[in-house]
Participant: 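One structure coming up, written as structure tokens, with questions to follow.
Proteins get letters first, then strands, A, B, ... in listed order; numbering begins at 1 in each. No hydrogens, no waters, no symmetry mates; every other heavy atom, side chains included, goes into these values.
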2 protein chains.
Amino acid sequence: MNALIDILRKNGIQPTPQRLEVAKFVLATQSHPTADQVLKEVLKRCPTVSRATVYNTLNLLVDKGLIASRTLKEGAVVFDPRTQRHHHLIDTETGIIHDIPWESVDVREPEICEGFEVEDYHVVLRGRKK
Amino acid sequence: MNALIDILRKNGIQPTPQRLEVAKFVLATQSHPTADQVLKEVLKRCPTVSRATVYNTLNLLVDKGLIASRTLKEGAVVFDPRTQRHHHLIDTETGIIHDIPWESVDVREPEICEGFEVEDYHVVLRGRKK
DNA sequence: CATGCAGTCTAGACTAGTTCTAAACTGGGA
DNA sequence: TCCCAGTTTAGAACTAGTCTAGACTGCATG
Ligand SMILES: [Mn+2]
Ligand SMILES: [Mn+2]
Ligand SMILES: [Zn+2]
Ligand SMILES: [Zn+2]
């Protein structure tokens, strides 16, 4: 927990109890939760936290680069503590979003997109459990 | 216009004036419009069309496979008349979504995602005009 | 021509994700 | 103790999208 306080302080985020609960959950999760899922989780330990604070904290963590927000799901942004480059596989049955290591997929020469300078790219896969 | 009527009929869609206006625009567009952008466009030629009809028609066209709906933009689904496989490049300055031909990006061995059978994939690139 | 009917269209209500607002709270300095 | 900047809160507001209930359309039948 003190390590978490240090992380927030180092990134210019004043560590309040509410922010610590949000960060503790979203930085450790293995899934890609929506803001609402983060709220539900944080409410278990901090029953008075407001939706606005959860949104504010998530956006703050995104702005500081501690998490990423991704548009992989229809209807709601999802948050992702893995900010290193990786791909995503969406289970077409459950909707669960899985992380795929960067090296698992080999993308060649994506820079050749006429007239554009490519800054970033990632692969979105769809599939189901074998 | 008669060709359009035939396309709708062949796909089991009764061609009404409202549906024809929606289809005429969305099947011919070079962009990736949101439902609201389609509504604004159709209102120019069919000033009494309702939002419900535009949504219903777009969903009908998606269900019949004539267009695709894509989650590439935060906050709203976009529609795409190009249903063949291709990639997308999002201009980070303007937000405009460009189509990238399938052959322009070479993705190798994406099937190797442990435990999953990959049904489909595409690359999402971000960049800006050179 | 009159009636009926299935399918369609419309306005507006409703839901859900997200942001905004304004007031209350908090916790270190003067 | 008082102040003040920063934070939190409840709820309003906004927006994308769906749903509902009634009106409309146009063909089929008597
Ligand atoms: Mn933001
Ligand atoms: Mn749909
Ligand atoms: Zn991820
Ligand atoms: Zn496209």
Participant: Using a cut-off of strictly less than 4.0 Å between a heavy atom of the residue and any atom of DNA chain D, enumerate the qualifying residues of residues 32-57 of chain A by number.
Facilitator: A/T48, A/V49, A/S50, A/A52, A/T53
Participant: Crowded around A/R45 CZ? As in, over 12 foreign heavy atoms under 6.0 Å?
Facilitator: no
Participant: Return the polar atom pairs (N/O with N/O) between nucleotides 21-29 of chain D and the protein under 3.5 Å, or none.
Facilitator:
none

Participant: Give the table of side-chain donor-acceptor pairs shorter than 3.5 Å for residues 75-85 of chain A, with sequence neighbours excluded, one pair per line with atom names and distance.
Facilitator:
residue, atom, partner, partner atom, Å
A/D80, OD1, A/R82, N, 2.9
A/D80, OD1, A/R82, NE, 3.4
A/D80, OD1, A/R82, NH2, 3.4
A/D80, OD2, A/H32, NE2, 3.1
A/D80, OD2, A/R70, NE, 2.7
A/D80, OD2, A/H86, NE2, 3.1
A/D80, OD2, A/H88, NE2, 3.2
A/R82, NE, A/D99, OD2, 2.3
A/R82, NH1, A/T29, O, 3.0
A/R82, NH2, A/S31, O, 3.2
A/R82, NH2, A/D99, OD2, 3.0
A/R85, NE, A/D120, OD1, 3.4
A/R85, NH2, A/D120, OD1, 3.1

Participant: Which residue, B/R126, B/R128, B/K130, forms the salt bridge (charged side-chain N to carboxylate O under 4.0 Å, His left out) with A/E119?
Facilitator: B/R128
Participant: If you look at every heavy atom in B/L89 and B/G127, which pair is closest and at what distance?
Facilitator: CD2-N, 4.2 Å
Participant: In this structure, how many angstroms lie between the C1' atom of C/dA6 and the CD1 atom of B/I13, rounded?
Facilitator: 18 Å
Participant: Which ones in residues 67-77 of chain A lie close to DNA chain D, meaning a heavy atom under 4.0 Å from one of its atoms?
Facilitator: none
Participant: Report, one line per pair, each donor and acceptor closer than 3.5 Å where one atom sits in a side chain of residues 4-16 of chain B; sequence neighbours left out.
Facilitator:
residue, atom, partner, partner atom, Å
B/N11, ND2, B/I7, O, 2.8
B/T16, OG1, B/R19, N, 3.2

Participant: Give me the atom names and distance for the closest heavy-atom approach of B/V124 to B/H122.
Facilitator: CG2-CE1, 3.5 Å
Participant: What integer distance in Å separates B/Q18:CD from C/dC9:P?
Facilitator: 5 Å
Participant: Rounding to a whole Å, what distance do you find between B/E21:CD and C/dT10:P?
Facilitator: 12 Å
Participant: Test A/F116 against B/K129 for side chain to side chain contact (heavy atoms under 4.5 Å, CB included), laying out the working first.
Facilitator: CA-CA 5 Å; A/F116 280 90; B/K129 241 174 202 133; 4.1 Å; yes
Participant: Does the side chain of B/V49 come within less than 4.5 Å of B/L43's, by heavy atoms?
Facilitator: yes
Participant: Between A/Q37 and A/T34 (side chain of the first, backbone of the second, donor and acceptor by atom type, cut-off under 3.5 Å), is there such a pair?
Facilitator: yes
Participant: Could you tell me if the side chain of A/L125 sits less than 4.5 Å from the side chain of A/I100, heavy atoms only?
Facilitator: yes
Participant: Please list, for nucleotides 27-30 of chain C, all pairs of protein and nucleotide N/O atoms separated by less than 3.5 Å.
Facilitator:
none

Participant: For C/dT18, does either OP1 or OP2 sit under 4.0 Å from a side-chain N or O belonging to A/N59?
Facilitator: no
Participant: So, is A/Q14 close to the D/dT7 phosphate, meaning a side-chain N or O under 4.0 Å from OP1 or OP2?
Facilitator: yes
Participant: Can you tell me the distance, in whole Å, between the CG atom of B/L8 and the C1' atom of C/dT8?
Facilitator: 14 Å
Participant: Using a 4.5 Å cut-off on heavy atoms from C-beta on, say whether the side chain of B/C46 contacts that of B/Q18.
Facilitator: yes
Participant: Do A/V54 and A/V22 make a side-chain contact, defined as non-hydrogen atoms from C-beta onward lying under 4.5 Å apart?
Facilitator: yes
Participant: Given side chains that start at C-beta, do those of A/H87 and A/W102 come closer than 4.5 Å, heavy atoms only?
Facilitator: yes
